[in-house]
Amino acid sequence: MSVLLEGSSTSATMRRNFWAGVWRVMKRKPSRMVGVVLILGFVFMGVFGPMFYPAQLDRDPNAITRPPSWEHWLGTDDQGRDVIALVVTGSRYVLLAALVTAVITVVVGAGIGLFSGFKRGRWDNVLMRLTDMKLTIPGLPLLLVLSTVWKFGSAIQMGLVLGLLSWGGVARAVRSQTLSLRERGFIEAARGLGLSTTHIVSKELLPSMAPYIAMNMLIAVTGGVYAQVGLFFLGVLPYESNNWGQMLNTAVFRSGALTVPSALGFLIGPLLAILLLTLAIVLVVDAMDEIFNPRLREE
């Protein structure tokens with residue numbers, strides 16, 4: 001019993017020390033706290049934001065493409081709808097699709113990279129050739145072909161396709177890290193004890209790789225946002241619901257936001273949302289790098 005209590009106390013102390021270190025890292029650069037707040041804000045906006053607005057936003061024929069004002073802080077669109085309301089209601093599709101993209105990218109890429117790097121030999125050759133083939137497939141032309149038969153009305157569908165097209169780089173990066181870790185003493189000891197591959201990968205390698213994988217997941221979120229927004233902006237995908245890419249397409253090609261000053265707010269709205277999300281992720285990744293890198297903490 002005393003051994004169990006001592007182990008529990010040690011674990012609790014380690015957790016307290018870890019979170020104390022996280023707090024010190026965050027306080028060192030207040031901008032990192034800004035990044036966390038921004039990410040939490042986007043999460044709140046994506047989950048709860050659309051609930052504050054009706055399914056069909058009010059259209060005002062007398063307020064078409066109005067410039068920013070006290071009533072409409074970023075102006076209105078070509079149908080007289082408030083731009084901020086459009087950004088909020090369009091955030092759910094974009095953020096959910098980006099999250100699904102990141103999860104699939106990291107799960108598939110990290111799984112293949114970990115297994116390939118640890119097993120090496122025939123499995124490594126097969127999986128890396130598969131990864132190389134994946135990396136040679138041009139994503140945009142494939143999406144153009146898929147858009148002729150798949151409407152991408154669901155954010156999960158969009159995230160699924162983007163994730164399956166994005167895991168190659170993560171697989172290569174994780175494999176490189178795994179090849180380095182597999183020569184460490186604790187992995188050699190686990191192999192000497194005859195532990196299964198599944199146990200070594202999931203219990204020994206994965207925890208050591210978790211910070212690196214987490215950072216790649218955050219970066220994959222931005223990649224998912226850029227990919228889908230770019231596709232909708234170019235008009236290669238039909239859209240059935242409001243999202244940031246559709247807003248940019250409408251602002252530029254229908255409202256003439258690049259030449260009509262009154263429509264500029266319609267263009268700035270989604271661009272500002274994308275910029276803030278990217279900035280937030282960059283700041284959080286910077287903090288994570290220092291949290292999980294002892295040499296940076298010492299500096």
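Applying the side chain to side chain contact (heavy atoms under 4.5 Å, CB included) criterion to L160, with sequence neighbours excluded, gives I104, L164.
Remark: side-chain polar atoms of S255 are not paired, donor with acceptor, to backbone N or O of A257 under 3.5 angstrom. For R92 (side chain) and V47 (main-chain N/O), a donor-acceptor pair under 3.5 Å exists by modelled atom type. The backbone N or O of R175 sits nowhere less than 3.5 Å from a side-chain atom of S116 that would complete a donor-acceptor pair. With hydrogens and angles disregarded, no donor-acceptor distance shorter than 3.5 Å links the side chain of N243 to the backbone of G90. Panel note: side chain S176, backbone R172; a donor-acceptor pair is recorded below 3.5 Å. A donor-acceptor contact shorter than 3.5 Å is absent between the side chain of T105 and the backbone of W167.
Taking the six-membered ring where the residue is Trp, the centroids of Y226 and F233 are separated by 6.0 Å or more.
Rounding to the nearest 0.5 Å gives a distance of 10.0 Å between OG1 of T76 and CZ of R81.
No hydrogens or angles considered: nothing links the side chains of T65 and D78 as a donor-acceptor pair under 3.5 Å.
Residue R122 places its CZ atom among 12 or fewer non-hydrogen atoms of other residues, nucleotides or ligands, all under 6.0 Å distant. Applying the 6.0 Å contact sphere to CG of D58 captures no more than 12 heavy atoms from other residues, nucleotides or ligands. More than 12 non-hydrogen atoms from other residues, nucleotides or ligands lie less than 6.0 angstrom from CG of L275.
R66 has no carboxylate O lying under 4.0 Å from a charged side-chain N of D60, or vice versa, which leaves the two without a salt bridge. No salt bridge links D124 with K119; every basic N to acidic carboxylate O contact stays at or beyond 4.0 Å.
Under the 30°/60° scheme for interplanar angles, the aromatic rings of F42 and W244 are found to stand perpendicular.
Smallest separation of non-hydrogen atoms from V100 and I156: CG1-O, 4.1 Å.
The only option from V282, V285, V106 that meets the side-chain contact (heavy atoms from CB on, under 4.5 Å) definition with L218 turns out to be V285.
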